[in-house]
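Before any comments, here is the structure.
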Amino acid sequence: MRTRAAICHEEGTPWVTEEIEIDEPHAHEVQVQVAYAGLCHSDEHLRLGAMTAPPEVLAMLGLTSMFPAIGGHEGSGVVTAVGPEVAGVAVGDRVAVAFIPSCGTCYWCASGRQHLCDLGMYTLAGPMISDGTWRHHLGDVNLGRMTQLGTFSESMVVNEASLVKLAPDASLKAAALISCGISTGFGSVVDRAKARPGEVVVVVGCGGVGSGALQGARLAGARAIVAVDTVPFKVDQAKRIGATHGAASMEEALPLVAEITQGRMADVVVLTPGTLTGDLIAPALSLGSKDSRVVCTAVAPITQQEVQLNLFELAMYNKSLLGTVFGSASPRAQVPRLLALYQSGQLEIDELITKEYTLDQVQQGYDDMHAGRNVRGVVKLAGEA
Ligand SMILES: NC(=O)c1ccc[n+]([C@@H]2O[C@H](COP(=O)([O-])OP(=O)(O)OC[C@H]3O[C@@H](n4cnc5c(N)ncnc54)[C@H](O)[C@@H]3O)[C@@H](O)[C@H]2O)c1
Ligand SMILES: [Zn+2]
Ligand SMILES: [Zn+2]
């Protein structure tokens, strides 16, 4: 069928909306009419080359480029068709996407860590997980899709492993933001750092992911939550969803955290700026107390190796430097859990959506993100269809 999707033709060129062709779903595949797609920073990492697989990895996948590719990996929608052997969802079901697929049977899924599912190895590959062929086309050219999804599209075909089934009354708008940014930030604090009541949490970078981290800290019972962002508007917004203090940089946060903790420093520091670079690690560790957990949530350029930090500090102060994908929780457990918190009024999502865009405005939305104008932009497709 014909549909419309926002595509990046080659690295560094803007998102443009094109008419494309999608095939019927094959075995284990599902066609979804997308309702909402969030503008997470990671799609820009794909477009601008930071998350683009190096040539040797592409060669292993039989590819020369990840482009052209459909963007979007935050999203929600309604199932409109299912291929053979689909067991988990049916036509009419509301679903959220998951940028790490969950097979349910590999070692990682079987041990309760679906965010580490072995199918994740396909997440940056272009063709379908099910049989290695392509379902999305622009004329004669096959289209890759951001993390096996491509939610910047009116309709998409995905593997059922990439979907989370939702309750029939679930808010599709909230589910879109929860499907990546909110879950990742929330889990960074709650599931990765395992924040406890009474602790002090610092969140560095208060965009969509940071907004999940701030609220994870609030719901975990943190006694002080310090929002750090270079953009004053983001710090103001952070205070509306739970931050108790704000700072414009980690350097500025240092004396503030020392004052709040009588010099003991923060229990948890979460790094959620737009891009992670090596120079951010040492100041983040400096904000942490003895036995602190510093969580690297933001994506660094794929080939980045350099980081300078005080290794002595790790051992003698018993500090942990942790990474996380999807906030270290299983998508099929975390997304419904956070939706329930939203529905009971304990998790703020609507407040985070600064602006809604049409499918033709994806690049405009990302330009606004880079300019610091949005906490989160959302592309409205079919809406609450
Ligand atoms: N680990 C994962 O599984 C995962 C999942 C989703 C997103 N991410 C990554 O998380 C990061 C955040 O994503 P997002 O969508 O919230 O981005 P965003 O652009 O919406 O927000 C980033 C925020 O960081 C602020 N910022 C930038 N540099 C800063 C600095 N040095 N100090 C303080 N604040 C700074 C910006 O002003 C902005 O408010 C990105 O790198 C994204 O790719 C990781
Ligand atoms: Zn994301
Ligand atoms: Zn698995």
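Quick note: residue numbers are just sequence positions, from 1. Counting starts at 1 for both ligands and their atoms, in listed order.
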Tell me whether [X] is salt-bridged to [Y], with the criterion being a basic N under 4.0 Å from an acidic carboxylate O.
{"X": "R293", "Y": "E199", "answer": "yes"}
{"X": "R2", "Y": "E21", "answer": "yes"}
{"X": "E74", "Y": "R376", "answer": "yes"}

Under 4.0 Å from any heavy atom of [X], which atoms of ligand 1 are there?
{"X": "V299", "answer": "9 (C), 41 (O), 43 (O), 44 (C)"}
{"X": "A298", "answer": "9 (C), 10 (O), 11 (C), 41 (O)"}
{"X": "G274", "answer": "22 (C), 24 (O), 27 (C), 40 (C), 41 (O)"}
{"X": "V231", "answer": "37 (O)"}
{"X": "H45", "answer": "40 (C), 41 (O), 43 (O)"}
{"X": "F99", "answer": "3 (O)"}
{"X": "C180", "answer": "5 (C), 6 (C)"}
{"X": "G208", "answer": "16 (O), 20 (O)"}

Exercise for review: For the Zn ion (ligand 2), decide whether C180 has an N, O or S atom at a distance under 2.8 Å.
Suggested key: yes
Can you find a side-chain donor-acceptor pair between [X] and [Y] that sits under 3.5 Å?
{"X": "Q334", "Y": "H115", "answer": "no"}
{"X": "D43", "Y": "Y366", "answer": "yes"}
{"X": "S162", "Y": "Q148", "answer": "no"}
{"X": "H137", "Y": "D23", "answer": "yes"}
{"X": "S111", "Y": "R113", "answer": "yes"}
{"X": "D229", "Y": "Q237", "answer": "no"}
{"X": "N310", "Y": "Y317", "answer": "no"}

Side chain, backbone, both or neither: which applies to [X] and ligand 1 if a contact is any heavy-atom pair less than 4.0 Å apart?
{"X": "H370", "result": "neither"}
{"X": "T184", "result": "side chain"}
{"X": "K234", "result": "side chain"}
{"X": "M250", "result": "neither"}
{"X": "M51", "result": "neither"}

Check your understanding: Would you find a donor on one side and an acceptor on the other, under 3.5 Å apart, between the side chain of H45 and the backbone of G274?
Key ->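 Yes.
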Practice item. Report yes or no: does T3 contribute a side-chain atom to a donor-acceptor pair with the main-chain N or O of S155 at less than 3.5 Å? Key: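 Checked: pair present.
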Check for me whether [X] has a heavy atom closer than 4.0 Å to any atom of ligand 1.
{"X": "S249", "result": "no"}
{"X": "C40", "result": "yes"}
{"X": "G372", "result": "no"}
{"X": "E44", "result": "no"}

Can you tell me the protein heavy atom closest to [atom] and the distance?
{"atom": "atom 13 (O) of ligand 1", "answer": "V209 CG2, 3.4 Å"}
{"atom": "atom 32 (N) of ligand 1", "answer": "V204 CG1, 3.8 Å"}
{"atom": "atom 39 (O) of ligand 1", "answer": "D229 OD2, 2.6 Å"}
{"atom": "atom 44 (C) of ligand 1", "answer": "T297 O, 3.1 Å"}
{"atom": "atom 3 (O) of ligand 1", "answer": "F326 N, 2.8 Å"}
{"atom": "atom 8 (N) of ligand 1", "answer": "S42 OG, 3.7 Å"}

Approximate separation, where rounding is to 0.5 Å, of [X] [atom1] and [Y] [atom2]:
{"X": "L63", "Y": "S65", "atom1": "CG", "atom2": "OG", "answer": "8.0 Å"}
{"X": "I260", "Y": "H245", "atom1": "CD1", "atom2": "NE2", "answer": "3.5 Å"}
{"X": "E154", "Y": "I20", "atom1": "CD", "atom2": "CD1", "answer": "9.0 Å"}

Point to revise | Angle, SG of C103 through the Zn ion (ligand 3) to SG of C106 - 10° precision | key: 110°
Practice item. May I have the angle between C109 SG and C117 SG with its vertex at the Zn ion (ligand 3), rounded to 10°? Key: 100°
